[in-house]
Amino acid sequence: MREVGLVVNVEANNAYVQIDRKTACESCKACGLGTSDEKSIIVQAINNIKAQKGDIVELDLESPDVLLAAFIIYGIPLFALILGIFTSYGVMKAINYNSEILMLLTGIVFMIISFIVIRLYEPKLKESKKFSSTVVEIKGKSLI
């Protein structure tokens, strides 16, 4: 996946690039955690080509990595929710008890635990740079 954006800051080997959110992203707002109506976001990218502040650059993130990141963020918690529901169903069936509310709450607890595990594992994922954007080309200088 490739995006074009403006370098707004450079630190060490990282560039902070402002990119415009696409129409497909506007309803999600995951980048801004659903709290922002901003049309652009700032993305941290590996800057091996030494882009400078004010450069218009092209960023790249490999598609399989995007799909894997989406699975980690959405698939694992969904799987944990379903696992929690079926686990509590099995336990309640074994003790002849039935409560849909308790099954739902157990599923939600499993999902919350999965979010915590993902959050704890996040620094290791960032360290691997597998899910990091990379500045691949300098398109020009900003006129602003």
Side-chain angles (χ1 to χ4, degrees), residues 1-93 98-144:
M1 181 169 73
R2 295 212 172 198
E3 294 286 339
V4 175
L6 173 68
V7 178
V8 293
N9 193 14
V10 177
E11 291 179 3
N13 196 34
N14 292 317
Y16 294 87
V17 182
Q18 180 178 353
I19 59 172
D20 292 331
R21 286 195 285 180
K22 304 294 183 231
T23 306
C25 300
E26 288 175 356
S27 62
C28 172
K29 296 185 183 178
C31 299
L33 300 174
T35 60
S36 174
D37 289 328
E38 298 273 333
K39 295 293 182 195
S40 62
I41 59 170
I42 307 276
V43 176
Q44 182 180 353
I46 299 168
N47 185 15
N48 291 333
I49 63 171
K50 307 297 183 213
Q52 298 298 316
K53 185 175 180 179
D55 287 347
I56 297 173
V57 297
E58 186 170 340
L59 301 177
D60 185 36
L61 181 61
E62 296 296 323
S63 293
D65 294 338
V66 171
L67 294 175
L68 181 58
F71 173 75
I72 290 170
I73 296 298
Y74 298 110
I76 292 175
L78 177 63
F79 177 74
L81 173 72
I82 294 168
L83 179 68
I85 290 170
F86 281 108
T87 300
S88 63
Y89 173 76
V91 169
M92 284 191 270
K93 188 174 180 182
N98 188 11
S99 171
E100 288 83 13
I101 299 293
L102 189 57
M103 288 190 306
L104 178 63
L105 290 175
T106 304
I108 291 172
V109 168
F110 274 52
M111 184 174 65
I112 290 170
I113 291 169
S114 75
F115 281 127
I116 292 169
V117 170
I118 290 168
R119 183 70 175 171
L120 292 174
Y121 195 64
E122 182 181 8
K124 189 171 184 175
L125 292 174
K126 282 185 178 180
E127 185 179 297
S128 76
K129 307 273 188 215
K130 183 175 183 172
F131 301 106
S132 297
S133 297
T134 305
V135 178
V136 293
E137 184 180 348
I138 299 173
K139 297 284 193 179
K141 282 281 192 191
S142 172
L143 299 175
I144 298 174

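No hydrogens, no waters, no symmetry mates; every other heavy atom, side chains included, goes into these values. This is a predicted model, so every value here is computed, not measured.
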Mind checking the [atom1]-[atom2] spacing from [X] to [Y]? Nearest 0.5 Å is all I need.
X: Glu137; Y: Leu59; atom1: CD; atom2: CG; value: 11.0 Å
X: Leu105; Y: Ile112; atom1: CG; atom2: CD1; value: 9.5 Å
X: Leu78; Y: Phe71; atom1: CG; atom2: CZ; value: 9.0 Å
X: Leu104; Y: Met111; atom1: CG; atom2: CE; value: 9.0 Å
X: Asp60; Y: Thr134; atom1: CG; atom2: OG1; value: 6.5 Å

Between [X] and [Y], is any pair of side-chain heavy atoms under 4.5 Å apart?
X: Val17; Y: Val7; answer: yes
X: Asn48; Y: Val135; answer: no
X: Glu11; Y: Asn13; answer: no
X: Thr106; Y: Ile85; answer: no

Check step by step if side-chain contact (heavy atoms from CB on, under 4.5 Å) holds for Ile49 and Val136. CA-CA 7 Å; Ile49 63 171; Val136 293; 5.9 Å; no

If you compare all heavy atoms of Glu3 against all heavy atoms of Asp20, which two are closest, and at what distance to 0.1 Å? OE1-O, 4.4 Å

Start with the C-alpha distance between Leu81 and Ile108, add both sets of side-chain angles, then the distance that settles side-chain contact (heavy atoms from CB on, under 4.5 Å), and finish with yes or no. CA-CA 6 Å; Leu81 173 72; Ile108 291 172; 4.3 Å; yes

Would Lys141 and Asp55 count as a side-chain contact (heavy atoms from CB on, under 4.5 Å) here? Give the steps. CA-CA 4 Å; Lys141 282 281 192 191; Asp55 287 347; 2.9 Å; yes

